[in-house]
Amino acid sequence: MITPGQTIGIVGGGQLGRMLAQAAQTLGYRVAVFDPNPQCPAASVCHRFQPGAYEDAAALSGFAAGVDVLTYEFENIPAEALRGAGARVPLRPAAEVLHICQNRQREKAWLKAHHFPHAAYAEALDGDVRSAVSEVGLPCVVKTADFGYDGKGQMRVGDAAELDHAAAIFRGRRCVVERWVDFVCEISVIVAKGPEGEGRAFPVTENIHTRHILDLSIVPARVPPAAGRAAEALAIRIADALQVVGLLAVEMFLLPDGQVLVNELAPRPHNSGHWTLDGAETSQFEQHVRAICELPLGPVGLRGPIVMANILGEAWQGRPPRWNELLQMPEVKLHLYGKDEPRPGRKMGHFTVRARSAQAGIEQARRLQALL
Ligand code: AMP
């Protein structure tokens with residue numbers, strides 16, 4: 001067990017690292033953060049900050065030597081570099097989990113090998129998008145295997161002209177081509193697992209994306225109860241099969257017939273779990289700390305309907321957003337990540353609205369987004 005007072009090392013110092021550090025400190029842990037950027041959101045809230053490149057295996061090993069347990073807050077860290085660091089201290093989730101989840105080809109192949117439901121797909125070997133598309137059929141989505149997030153590195157292909165375009169853009173890149181899924185809605189389940197295998201799933205979250213970036217998370221998700229239960233059970237089985245220690249976020253598509261397909265896995269806290277800070281009995285960040293430190297997992301109950309809205313750089317428009325309008329409302333909580341440059345599409349913060357129903361929360365969140 002890693003006890004309060006010992007040090008948690010977090011690789012990556014974005015907003016996920018920042019909120020994780022804050023939760024760890026609430027439980028009395030010391031926190032060290034490794035990130036290339038000394039101005040990253042977590043740098044100002046940790047006990048020790050170490051600047052360094054994610055590819056620098058020696059620097060990561062040195063960092064690991066000074067902590068009692070090591071974790072990470074995003075996927076695009078070379079798993080090999082972390083594997084070396086993980087030889088010194090417990091790395092949670094393990095490097096193998098990261099290795100699978102950080103590459104779409106491996107992730108899809110793993111889902112397929114373990115018979116978890118996912119959209120039909122083909123690998124575009126040697127960047128040969130055309131033959132993969134002919135295997136899958138139109139419409140489809142071409143996605144790069146590595147380093148994609150928030151819809152970056154992907155393109156929908158619906159006809160021959162778009163296929164020509166995609167074939168040119170993705171030439172020579174490792175890709176997967178996925179059949180287009182006409183989903184009813186997108187949902188996610190965040191599961192926490194301790195080292196002894198005990199696991200708990202947060203309630204199913206419904207997610208609305210705008211221009212490929214998460215816009216709203218809605219809880220309880222407006223899905224049939226049976227589909228919700230199936231999604232939770234599926235997420236737990238995936239976390240079991242991957243032998244995750246810590247959090248695993250499972251993003252899924254709900255189909256019109258009630259079937260659930262897995263879209264993506266993330267072995268870390270997740271944007272679609274930010275509502276847990278204000279709306280669950282335990283936050284996802286605290287739960288991750290509890291899991292990786294071998295503490296008892298916390299209760300995951302919902303405190304009432306809640307909606308989370310991301311605040312992107314666009315909200316600035318030459319002046320700061322109207323925070324006071326938000327802060328006047330007792331049912332609203334504001335979380336800002338301390339980033340100084342509000343670029344379009346950049347996640348600057350989020351707010352949550354607690355309401356009498358999911359629908360009322362959505363309407364209030366939309367009003368507040370317009371008002372900001
Ligand atoms: P991803 O980066 O895989 O999470 O994809 C980003 C977003 O693109 C998803 O949240 C969906 O809204 C959409 N998307 C991804 N794959 C598909 C698909 N096979 N069919 C329909 N929409 C998709």
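Atoms considered below: every heavy atom in the structure, side chains included; atoms not considered: hydrogens, waters and symmetry mates. Please read all numbers here as calculations on a predicted model, not as lab measurements. Read the numbers this way: they start at 1 and go in the same order the structure lists the ligands and their atoms.
The backbone of Arg179, and not its side chain, has at least one atom closer than 4.0 Å to an atom of ligand 1 (non-hydrogen atoms only; backbone = N, CA, C, O). Proximity of Asn207 to ligand 1, defined as any heavy-atom pair under 4.0 Å, is not found for any part of the residue. In Val181, the parts holding a heavy atom less than 4.0 Å from any atom of ligand 1 are both the side chain and the backbone.
The pair Asp278-Arg354 fails the salt-bridge criterion, with no side-chain N (NZ, NE, NH1 or NH2) lying under 4.0 Å from an Asp/Glu carboxylate O.
Against a heavy-atom cut-off of under 4.0 Å, Val141 is close to the following atoms of ligand 1: 17 (C), 18 (C), 19 (N). Within the listing of ligand 1, atoms 1 (P), 3 (O), 4 (O) sit less than 4.0 angstrom from a heavy atom of Asn263.
Summarising the contacts of atom 12 (O) of ligand 1 with Glu186, His209, Arg211, the nearest heavy atom is found in Glu186. Residue Glu178 holds the heavy atom nearest to atom 19 (N) of ligand 1 of all those in Gln154, Arg104, Glu178.
Within the structure, ring-ring contact (aromatic ring centres under 6.0 Å, His included) pairs that include any residue of residues 170-194 comprise Phe183-Phe253 (at least two apart or interchain).
Met252 places none of its side-chain heavy atoms less than 4.5 Å from the side chain of Glu186.
Annotation: ring pair (Phe, Tyr, Trp, His ring centres under 6.0 Å) contacts of Phe63 (sequence neighbours excluded): Phe34.
For His274 and Phe285, the gap between ring centers is short of 6.0 Å.
Looking at His118, its side chain does come within 3.5 Å of a backbone N or O of Phe116 through a donor-acceptor pair.
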